2 protein chains.
Amino acid sequence: MRAAKQPFRDQISLSSVLYALSDPVRVDLVRNISDAGEQSCNECGIEMPKSSLSHHFKVLRESGLISTRIEGTRHINSVRSADLNARFPGLLNAILKAARAEGREPQIFGVQKMR
Amino acid sequence: MRAAKQPFRDQISLSSVLYALSDPVRVDLVRNISDAGEQSCNECGIEMPKSSLSHHFKVLRESGLISTRIEGTRHINSVRSADLNARFPGLLNAILKAARAEGREPQIFGVQKMR
DNA sequence: TAAGATGTTCGATAGTTCTCGAACGATTCA
DNA sequence: TGAATCGTTCGAGAACTATCGAACATCTTA
């Protein structure tokens, strides 16, 4: 119903974006959503309690990385590529490319947190 | 004397890099060092207690963003551009460019932290 | 050797963040 | 209406981070 709280394009801050993506779980989420075009929280392929996942989605949303559209009972997420590319040209691609270059497969079978 | 603890090129992790740069103070530091080529902790232009500054330099060092060479009593920092570009091509430039695009001038007159 | 300069390390405090179960809300479907 | 689905929010505990003064270490120079 009420639109998820997210910044306008001009309010997206570099710090928040970098911070949001500094978590392996979240960068995987963005990577998956980006590859799939759109994705519900459910089919993100990352196994973890709902509340934890919801937390990560919230961070991504509030940082301006994703937007969420509600469709029935599902929340469909998409990467705000246009906004991000407008605000920080090349940044998102560089990060996603780096994530792939790092060789770590997107996480699917549970958590693997380290920092 | 003892070399500052820092990761080898292949051990630089995306998460650490993004996390390190998710702090406005640290991204300014990297920006300044990058512009200047090299810089001691002293002349970084950011006013803040020595211990705080040292903490930020440590984070940058441990994430692989900078390396520190000791010369007399001064610790001279430089950005590990070659290593970073080899490991994550285009990433550092994209971030520095984004930092400039954000319009926030590098911090000089004291702290201005917000996140 | 003593004093000064430059940074690091330690210890403490305050604020954040992550994680996860439990409760809640909204929507769909029988 | 009742049950199921899909997510969010709440609350609490553990872990981490930033900040900063004080103490320490190292090198230089008087």
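Convention: sequence-line order gives letters A, B, ...; per-chain numbering from 1. Because the structure is a prediction, the values reported are computed rather than measured.
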One should read off an interatomic distance between A:Q39 CD and A:R74 CZ, to the nearest 0.5 angstrom, of 10.0 Å
Original post:
Counting any heavy atom closer than 4.0 Å, what does B:H55 reach on the DNA or RNA strands: base, sugar-phosphate only, or nothing?
Top reply: base
* Kindly determine whether B:Y19 and B:R26 satisfy side chain to side chain contact (heavy atoms under 4.5 Å, CB included), including the steps that lead there. => CA-CA 10 Å; B:Y19 177 74; B:R26 290 193 291 258; 3.8 Å; yes
Closest of D:dT8, C:dC18, D:dA18 to the B:V59 side chain is D:dA18
D:dG7, OP1 or OP2 - any side-chain N/O from A:S40 closer than 4.0 Å?
yes
A:L29 atom CG is separated from D:dG7 atom P, nearest whole Å, by 12 Å
Winner on side-chain proximity to A:T73, out of D:dC20, C:dT28, D:dT8, is C:dT28
When rounded to the nearest 0.5 Å, the distance separating OG of A:S81 from CG of A:L96 is 8.5 Å
Original post:
Distance check: side-chain N/O of B:Y19 vs OP1/OP2 of C:dT16, anything under 4.0 Å?
Top reply: no
Taken to the nearest whole Å, CG/A:L53 to P/D:dT5 is 18 Å
Whole-Å distance, A:E43 CD to D:dT5 C1', equals 14 Å
Closest non-hydrogen atoms of A:P7 and A:I12, given as atom of the first, atom of the second and distance, are CG-CG1, 4.1 Å
Check the pair B:L91, B:L14 against side chain to side chain contact (heavy atoms under 4.5 Å, CB included), reporting the backbone distance first and the verdict last.
CA-CA 10 Å; B:L91 180 64; B:L14 179 61; 3.6 Å; yes
B:L60 CG to C:dG7 P, in whole Å, measures 15 Å
**side-chain N/O B:H56 vs D:dT19 OP1/OP2, d < 4.0 Å** = yes
Here the distance between atom C1' of D:dA4 and atom CG of A:N42, to the nearest Å, is 13 Å
B:I66 CD1 to C:dG7 C1', in whole Å, measures 12 Å
_Does C:dA26 have OP1 or OP2 under 4.0 Å away from a side-chain N or O of A:R74?_
no
By nearest-nucleotide position on DNA chain C, the 5'-leaning member of A:S52 and A:E71 is A:S52
Whole-Å distance, A:K5 NZ to D:dT8 C1', equals 13 Å
Taken to the nearest whole Å, NZ/B:K50 to P/D:dC24 is 13 Å
OP1 or OP2 of C:dC20 sitting under 4.0 Å from any side-chain N/O of A:S51? no
